[in-house]
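Take a look at the structure below.
Values in this document were obtained by computation on a predicted structure and should not be read as measured data.
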Amino acid sequence: MKLGNDLQSLALGTHTQRIAGMKVVALVSGGKDSCFAMMKCMDYGHEIVALANLMPVDDSVDELDSYMYQTVGHQIVIGYAECMGLPLFRRRIQGSTRNQQLSYRITPGDEVEDLFILLQEVKQQIPSVTAVSSGAIASEYQRLRVESICARLGLVSLAYLWKEDQAFLLDEMIRRGIVAVIIKVAAMGLNQKHLGQELVDLQSYLLQMKELYGINVCGEGGEYETLTLDCPLFKNARIVLDKFQVVLHSPDSIAPVGIIHPLAFHLEHRKDSSCTDKENNDFTSEKAGSVFHVKKEFLPNYLEKCKSIDAVFDRLDTIEQVKMSISTCKMDTFSIGCWVPNSSPSEGLQKDLMSVLHAIELQLEKDDLDWAHVLYIHLYISDMKQFGLANDVYVSFITEKNCSFGVPSRSTIELPVAELGLGNAYVEVLVSTDQCKRVLHVQSISCWAPSCIGPYSQATLHKEVLYMAGQLGLDPPTMLLQPGGPAAEMDQALLNCEAVANSFKSSIATSAIIIIVYCSTSISSFEMAEIQNRMEYFLKHHATHHEGFLGAYNPIVLYVLVPNLPKGALVEVKPVLHLADNEKYGVQSVLLKAPAADKPNYFGFKYSDRHNSFCRINVVPDKICMALISVTKDHARSIYFEADHDLVCLHCDKSHKHIKAIAVFFTDLVDKIISDNGFSWQDLKNLRFYFLKDLVSSADLLFSIFSEAFSEFAESSSKLNAINEPLFNLLPVLGSGRSASMDDLITCEPVLHLADNEKYGVQSVLLKAPAADKPNYFGFKYSDRHNSFCRINVVPDKICMALISVTKDHARSIYFEADHDLVCLHCDKSHKHIKAIALFFAGLIDKIISNNGFSWQDLKNLRFYFLKDLVSSADLLFSIFSEAFSEFAESSSKLNAINEPLFNLLPVLGSGRSASMDDLITCEYPIFQKAPAADKPNYFGFKYSDRHNSFCRINVVPDKICMALISVTKDHARSIYFEADHDLVCLHCDKSHKHIKAIALFFAVLIDKIISDNGFSWQDLKNLRFYFLNDLVSSADLLFSIFSEAFSEFAESSSKLNAINEPLFNLLPVLGSGRSASMDDLITCEFIVNIIPTLIITVQWTEEEHKMFLVGLKKLGKGDWCGIARNYVFTRTPTQVASHAQKYFLRHSSQSMRNRRSSVFDIAPDEVSEQQPAMQNNSSPVMEPVISDPPTNLNCCAYPAFFPSNLYSYPAVFPGFLQPGFPFPMPYWPTYPAEAPVLQSHHEIVKPVAVRLKSSIDVEEIDDLRRLTVQWTEEEHKMFLVGLKKLGKGDWCGIARNYVFTRTPTQVASHAQKYFLRHSSQSMRNRISSVFDIAPNEEAQEAGSSSTTVLPQVSEQQPAMQNNSSPVMEPVISDPPTNLNRCAYPAFFPSNLYSYPAIFPGFLQPGFPFPMLYWPTYPAEAPVLQSHHEIVKPVAVRLKSSIDVEEIDDLPRLSL
């Protein structure tokens, strides 16, 4: 029982000196966090008496695959003992990570058990140790395991860095003199050059990386590890690292993983160093500076659990005396109240609590539940001095072992329950039938919030409702009450509540539904008023500063006066919050509604506006309702006179008749609140009445009166079923009320929560009769008989699934009902009935969709099962059904024109809704609603409102120009933020700038509405300018990032705006702007939309194109324009070929030849040679291109006119950054000689045969460029080595841009990785020769302190490529080189070609989303290399602006 007593004493505050001055063993890993945690322990008066460290079994191993421990640099930790003058206990890690769940339970062989054995040995050697220090900042995994070990050993966990701001911590560590170096990197933005650098030198860089990539600046996400070489705790010596080796585990170009392996170090002793304190004669002083190796083996029975206390009485003998109240609904969440009636104080709190908890346990078992289903426990006891005994009983029932999802939150209050006959312990539990709860249970003492040392948690989140444990005014690091009286305790308690709420990304000022403040009787009336003022100020202040906005919403506050609180506190605060992932509406404060004239008034009570003064109601529509009803003496008087004068109370005399009136009034008012807000009595989860203890002599009398009132209400109303047990809890208090005066006689607190499965459920529905004026498609008229065709199941507003059966009898009636002039282009008369069935399906599906509130856009799958004997070919059925749906689309605006079937046809041997399976065709389709309904918010939660007209001014010249001005003031910004999605994520900004992201999204939505309302499109946007207040942000770059992210998200969610790689707007900082002289806007948006007629530029057909057209026309015939374009006229689209054919036939059909100009149309078909073969189209999915010999007589004028006249071949395009998964086939063309071919006199047509893939490339089957890898040539590798020497490691983009033009930065990085790996390998056995074996230059520079970069012996005379940033889009053509070796080009092209492969992407638009290199072709003759191996760089034809890798969507991680 020692552990239980220790925890009890901590909770009661009797051992405050122990908390303030404990002897601590510090867990050290060598990192900065564990050292700074020791410094914080000493700041709060604790004494570090020993160090503990875990290390790998093998000293040569630097890092283990461990989730718990940092082992990099473990070779240095041995020096900490001498540096600090403390004993160091070390153990080699024998276990591994076996239990990977967040919460830890004893697992033999797990690495956590090594920590247990280590700390157990420390405690045996130094019995005075009472606490353990750790450097956990944000890792729940590590903290929970340390707390588990501490609980088993009876130690207190100290985690003073927990939940602290990491930027602040980093600055504090550096400011207080911690000297640490980076020994491991594993994150984007960090590489091997940062290894060995001191933390102080990288502080600003780490903060910059946080802004760019969101890294943890303290490395909590594993981004980096540190090794502390010196700190103020090293009083004897500092560590000097003499020699180390850099080991690269993963030389990734984006996020390389590298560590430092220490080889040698020494201690540099301080001149003023002294030995340990001579006054201490214990183990610490005797063994100061010594190192102890703990080698104990793992024993499964090393620790026996603390035995639960022995029962002092037979539970079964007393269980019958227990009374219980249970709320009405057990479907989702309900409450149980339990007490031992008329138990005297002499019988003891321990006995009563044992009976109550056992009774609740039996009730849970009866409902197939257990303690793991409990969310919250209210523990009301008669004497706070006996809290220790109550806690012993409590932990015997509720432990972490029997609460698999976490222990429930708890509030413990002293109430006069024994005086009113409710026993010595009254327990109220909130139970959930599911286990989808999230528990926050921090047992470590930290600076974050008070710890919960025991089996209860700080907060429990269940279905968007956060139930928080009662918070005292404790100073978290010392666990002592805040000095300064009730006001100071109130401030601290509110800060503690806010810290817990912040862990759930919320605030009590903006999310609390109700806050209960328990006040001790030791507080004066003046101090009560001050407490209320502090509460109001806190809510207002934090609502104003929470994410920069002020909400017009106030939580309900209930003040309760009680005799005593835990630890002698004067104030305890217990909030309940609502957290929603996707809130449509926030918490709203509402009033009572006036009833209809014919609504009955129960028991004579008539609705009055005055009743609004009785209550405060907060509602989350369709989810939660919490209310507070106060009845003061004045209210009670008016209620009594308003009630029926013949009111009868069977359980009370005349003197208590007014209580019956109050009880009846409560039932009536609670019912009104429930019905007004769309709930029911079945949604009631908890109903609690606080009554003045002097109101009645016994709680039993009050229970009888209220039970009678609720029973009479149940008899007179069908809303509430007859009750056998009370559905409410009665709590005697010394005072309660909605203000600090606490003058209520009775206060009622109802809680309603709508269960998810009560609002939505699967419903079977029928077809609805259409309106009289509704058209009937294709002659089909609605009939009730159609319900026999189909079965429809619907989850309202979510899912619709239906099955439509058409048997032979159905098909006959459908055919006779259809239009008799029905035409089917794809079938003969014998199949005309199938067309009728197809049209009937289209009409009936449309009716089902519209009847249930869906649209055709919600259709996710449409499947038809047809009898295989119905038609001879599925193609025929596809044609018939496609024709039917196309006709439906033409006759209805609900379905857009379809180019491809939106359905699947499956042949079966039989189908149907019964085992007879006699359907000709069965239609099955599920529909999922995703599109927002008219009354739902549009993009990102914004819903149109007339109020938005006040934001903007719009001037329009119809169909020409639109100019608008949108103003967002501070008031506008506030409403915009609360209207936006609350799960809004901004990658480029912290929490304080989240409102700017909301404004940016609002601008995107409002601009889109203005554009669409006035008949324009985003393509018509000519200018978009934002004027922002210069104090809004610290940097325009941040604002650019936020607005770019917002517009990108808008583009992803809407098809109106294409994905943007560059900002389409301008941001201008101003001192003020607005539509009035006050200029009070935060941001003003100005944009211009202008429609400019599009000029269509027609490229004339050449003679060669026309000849190829004639060949194709003769081979394929009229109509197959797609085949002619695909196989003959490659330079034209099918539409252009069809247009050309129309002109050709019109010209030849004309009889008149007078004044006719000559053109290509005059070429006769017989003048065209047919020897040109058509392009082969092979559907085999072979990914290697097929290369054909280049033609020798192709005229230059057959190519597009926009290429230079001095080039007679296709322009060679080298898109090195394009992935092979391009969404359509790309033809690869070989180059042709630059000399103009000579045409033969007979005009022979020789068709160029394209080098193309044999099948389309499937984007989804190709993840990266691995499947089309081209081996590096010797010349490419030499150019790579020159670039490596010039630019150094890491600048792969520069090497690719200026040296190795034939490779992308990613390919260069991959090549570098292989190069370094090969040269770092020691073994040469069986090594295959490759380009990596080129002899390095002996004068290569040393790359780092411990590694050398090897560079080849190559010429450096190659000039770097010029980089011109002018944004001219026309390609700049340079003269081709004449001495370029063929080996420098990719090996997959023919050996007789020595130039770059020329690619002609005729289908690419000029507005390609990133710059594309245009390469001229080179002569096919191989250049002769000079003897001195001079490297001649090919000068690329390229756009003058460089490629910004970060703007390319396909390579988002390649940030250089």
Side-chain angles (χ1 to χ4, degrees), residues 767 770 774-783 785-792 800-851 854-856 859-908 910-913 917-927:
L767 299 172
K774 184 177 179 182
N776 293 300
Y777 301 118
F778 314 110
F780 294 110
K781 185 177 181 181
Y782 168 77
S783 169
R785 183 175 51 82
H786 292 170
N787 281 308
S788 65
F789 288 56
C790 51
R791 275 292 306 274
I792 312 165
C800 173
M801 299 189 74
L803 205 66
I804 307 174
S805 300
V806 172
T807 64
K808 292 182 180 179
D809 294 334
H810 293 158
R812 188 177 299 108
S813 63
I814 288 171
Y815 178 70
F816 286 106
E817 191 177 342
D819 287 340
H820 290 282
D821 57 350
L822 197 68
V823 177
C824 185
L825 302 177
H826 299 89
C827 58
D828 55 14
K829 194 172 183 180
S830 61
H831 291 121
K832 203 172 178 181
H833 64 285
I834 300 179
K835 174 68 177 288
I837 295 173
L839 290 172
F840 177 76
F841 272 129
L844 195 56
I845 291 171
D846 177 70
K847 182 164 184 58
I848 294 172
I849 288 175
S850 58
N851 279 177
F854 295 89
S855 68
W856 280 91
L859 185 66
K860 305 308 175 189
N861 189 25
L862 181 58
R863 188 182 298 120
F864 293 96
Y865 301 92
F866 67 95
L867 204 59
K868 78 179 185 70
D869 298 330
L870 184 66
V871 289
S872 57
S873 167
D875 285 340
L876 174 61
L877 205 60
F878 263 110
S879 302
I880 297 173
F881 270 70
S882 296
E883 183 180 333
F885 277 87
S886 296
E887 291 181 12
F888 175 82
E890 292 174 4
S891 63
S892 171
S893 59
K894 299 179 181 180
L895 177 62
N896 297 329
I898 57 171
N899 298 320
E900 296 178 354
L902 47 79
F903 49 82
N904 295 299
L905 293 175
L906 302 176
V908 293
S911 64
R913 287 186 288 145
M917 293 180 286
D918 55 352
D919 287 3
L920 285 178
I921 305 178
T922 306
C923 172
E924 174 207 359
Y925 66 98
I927 303 174

Phe864 meets the ring-ring contact (aromatic ring centres under 6.0 Å, His included) criterion, sequence neighbours left out, with Phe841, Phe881, Phe903
For the side chain of His810 and the backbone of Ser805, is there at least one donor-acceptor N/O pair under 3.5 Å apart? yes
If we only count heavy atoms from C-beta on, is the Ile849 to Cys800 side-chain gap below 4.5 Å? no
Closest heavy-atom pair, Lys835 versus Ile880, reported as atoms and distance to 0.1 Å, is CA-CG2, 3.7 Å
Roughly how far, to the nearest 0.5 Å, is [atom2] of [Y] from [atom1] of [X]?
X	Y	atom1	atom2	value
Ile814	Asp809	CD1	CG	11.0 Å
Arg863	Asn904	CZ	CG	6.5 Å
Leu905	Leu862	CG	CG	9.0 Å
Leu844	Cys790	CG	SG	5.0 Å
Asp846	Asn851	CG	CG	9.0 Å

Sorted by chain and residue number, the side chain to side chain donor-acceptor pair (under 3.5 Å) partners of Ser911 (sequence neighbours excluded) come out as Thr922
Quiz: residues 866-878 side-chain donor-acceptor pairs under 3.5 angstrom, not counting sequence neighbours:
from	atom 1	to	atom 2	distance (Å)
Ser873	OG	Asp875	N	3.1

